[in-house]
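Below: the structure, in structure tokens.
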Amino acid sequence: RDTITRYIESLPKSHKSPVKIHNRYQLAFRNRSDIQYMVAGIRSSGNLGRAKALNFLHATECSSWADEEGLASLQSSLAEKSPHRLYIFESTARGFDLFYDMCQTAKRAVAQKFIFIGWWLKEEYSFAPQDKEYQVYWDTAPHLNGREREAVEKVKQYYGFAVTPGQIAWYRWHLAEKKNGDEMWMKQENPWDEDEAFVVAGSQFFTGERLTDTYLSAKKEKYDSYRYVTGSEFQFTQIHRTNAQNAELKVWEEPRADGIYVMGADPAYGSSD
């Protein structure tokens, strides 16, 4: 609210309109325009944007949204005929979540556009030849390694952008001194391309790359979707078929009578902290 207040105060008189109300819920102007503040965090209510009519929306950090029903109600409130309508959904990618599905939809949609903003578009993310970081992280190794060469070629192919040695020096410096060599974290926060942005966090046993490749492979295969229906006691729980959006259980292959199956489960926080 403070940031928006400063925006308003800095506007020229020709673009200002007297403020009628400004509280935690909305900013209303005397010209009958208003900006509404809505929170789409970890709580699931299904009421996000309900009973509202919007022709402009800026939705931020969508990868942290947990309320799928709330997103559906919000999208239902968006105008479809207004000539000045604009809806922006932006976020840092954080795995294969709701935001990932939104991006895939935007890629194939008619009335939406997917836009990827790579770290290399920020002009500050580069060192000049006289900088010490440039001399340490480029002059001492003035050739791309296999990983860097593949990334640079992909950026050129996808976006027509040529990455400079100064940017390579910045990336190496940032990875070594800011991210402590954590390649997976670097991919999430500073991805080279849209494919790299969405990664699955790894562990000491499974690498992030292995989990990401496996997840993408599984998403290409068809599966049956089910949801759980609980009874009065645990043993009365049933599963009912549903659509992919509401799936709580996904079955890629039915069990075989002659098969031997092993189940792995994470019991963390199962009974107490």
Side-chain angles (χ1 to χ4, degrees), residues 2-4 6-7 9-11 58-65 86 88-100 102-104 106-107 112-216:
D2 179 66
T3 301
I4 293 179
R6 284 187 279 116
Y7 285 167
E9 292 174 349
S10 67
L11 289 173
H58 186 164
T60 187
E61 293 300 342
C62 298
S63 60
S64 298
W65 294 16
L86 174 65
I88 302 169
F89 296 85
E90 48 87 358
S91 182
T92 300
R94 296 176 59 190
F96 299 95
D97 50 17
L98 182 65
F99 184 61
Y100 173 81
M102 294 170 64
C103 290
Q104 300 312 303
K107 287 182 178 182
Q112 301 179 37
K113 183 172 180 61
F114 172 82
I115 301 174
F116 171 75
I117 303 175
W119 66 267
W120 31 266
L121 283 173
K122 191 173 179 67
E123 294 180 356
E124 297 176 1
Y125 290 174
S126 179
F127 291 123
Q130 63 270 22
D131 292 333
K132 184 177 180 180
E133 293 87 350
Y134 184 99
Q135 297 166 8
V136 172
Y137 288 97
W138 177 255
D139 287 345
T140 58
H143 301 286
L144 301 177
N145 59 37
R147 161 88 177 89
E148 293 169 343
R149 186 179 300 105
E150 179 182 354
V152 168
E153 291 176 354
K154 204 168 184 180
V155 170
K156 184 67 175 179
Q157 177 186 354
Y158 277 27
Y159 315 106
F161 186 92
V163 178
T164 66
Q167 291 176 304
I168 297 295
W170 179 91
Y171 189 91
R172 293 174 179 175
W173 166 80
H174 201 75
L175 175 62
E177 299 189 17
K178 293 285 189 175
K179 300 302 182 185
N180 297 318
D182 190 336
E183 189 75 40
M184 294 305 294
W185 183 257
M186 194 70 173
K187 287 182 178 181
Q188 176 179 288
E189 299 296 322
N190 302 98
W192 289 88
D193 58 78
E194 60 204 61
D195 298 329
E196 184 177 275
F198 297 94
V199 296
V200 178
S203 66
Q204 292 181 349
F205 188 81
F206 296 107
T207 65
E209 290 87 349
R210 176 73 179 275
L211 290 173
T212 300
D213 292 342
T214 303
Y215 189 93
L216 289 174

| K187 vs E183, side chain to side chain contact (heavy atoms under 4.5 Å, CB included): CA-CA, chis, key distance, verdict | CA-CA 6 Å; K187 287 182 178 181; E183 189 75 40; 4.1 Å; yes
[Y]/[X] salt bridge by N-O under 4.0 Å criterion:
| X | Y | result |
| --- | --- | --- |
| K179 | E189 | no |
| E150 | K156 | no |
| E133 | R172 | no |

Quick check against the 3.5 Å criterion: does [X] have a side-chain atom that pairs as donor or acceptor with the backbone of [Y]?
| X | Y | result |
| --- | --- | --- |
| S63 | T92 | yes |
| D131 | A128 | yes |
| D97 | Y100 | yes |

| remark: Smallest heavy-atom separation, A197 atom then P191 atom, equals CA-CB, 3.6 Å
| request: Please report the shortest heavy-atom distance between Q167 and S126, naming the atom on each side. | output: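 Scanning both residues, the minimum pair turns out to be N-OG, 3.6 Å.
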| query | Are any of the side-chain heavy atoms of Y159 and E194 separated by less than 4.5 Å? | reply | yes
| field | Heavy-atom side-chain proximity of F89 to M102 below 4.5 angstrom | value |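 Heavy-atom side-chain distance check passes, below 4.5 Å.
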| Mind checking what makes side-chain hydrogen bond (donor to acceptor under 3.5 Å, both in side chains) contact with D195, not counting sequence neighbours? | K154, Y158
| request: Using the side chain to side chain contact (heavy atoms under 4.5 Å, CB included) rule, take L216 and T212 through it: C-alpha gap first, then chi angles, then the decisive distance, then the call. | output: CA-CA 6 Å; L216 289 174; T212 300; 4.1 Å; yes
| Distance, nearest 0.5 Å, that separates CD1 of I168 from CZ of R149 | 10.5 Å
| field | Spatial distance of atom CG (D182) from atom CE (M186) [nearest 0.5 Å] | value |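 So the CG of D182 and the CE of M186 are separated by 10.0 Å.
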| request: Answer yes or no: does atom NE2 of H58 have more than 12 heavy-atom neighbours from other residues, nucleotides or ligands under 6.0 Å? | output: yes
| Around atom NZ of K107, are there more than 12 heavy atoms of other residues, nucleotides or ligands at under 6.0 Å? |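 Counting neighbours around NZ of K107, more than 12 heavy atoms of other residues, nucleotides or ligands fall under 6.0 Å, so yes.
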| request: Evaluate side chain to side chain contact (heavy atoms under 4.5 Å, CB included) for W170 paired with N190, printing each intermediate quantity in order. | output: CA-CA 11 Å; W170 179 91; N190 302 98; 3.9 Å; yes
Under 3.5 Å, sequence neighbours excluded: what are the donor-acceptor pairs made by side chains of residues 113-125?
residue: W120; atom: NE1; partner: W192; partner atom: O; Å: 2.9

| Donor-acceptor pair between T60 and E90 side chains, under 3.5 angstrom |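 The criterion, which ignores hydrogens and geometry beyond distance, is satisfied for E90 and T60.
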| Option passing ring-ring contact (aromatic ring centres under 6.0 Å, His included) with F127 (candidates Y134, Y137, Y171, W173) |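 The option that passes is W173.
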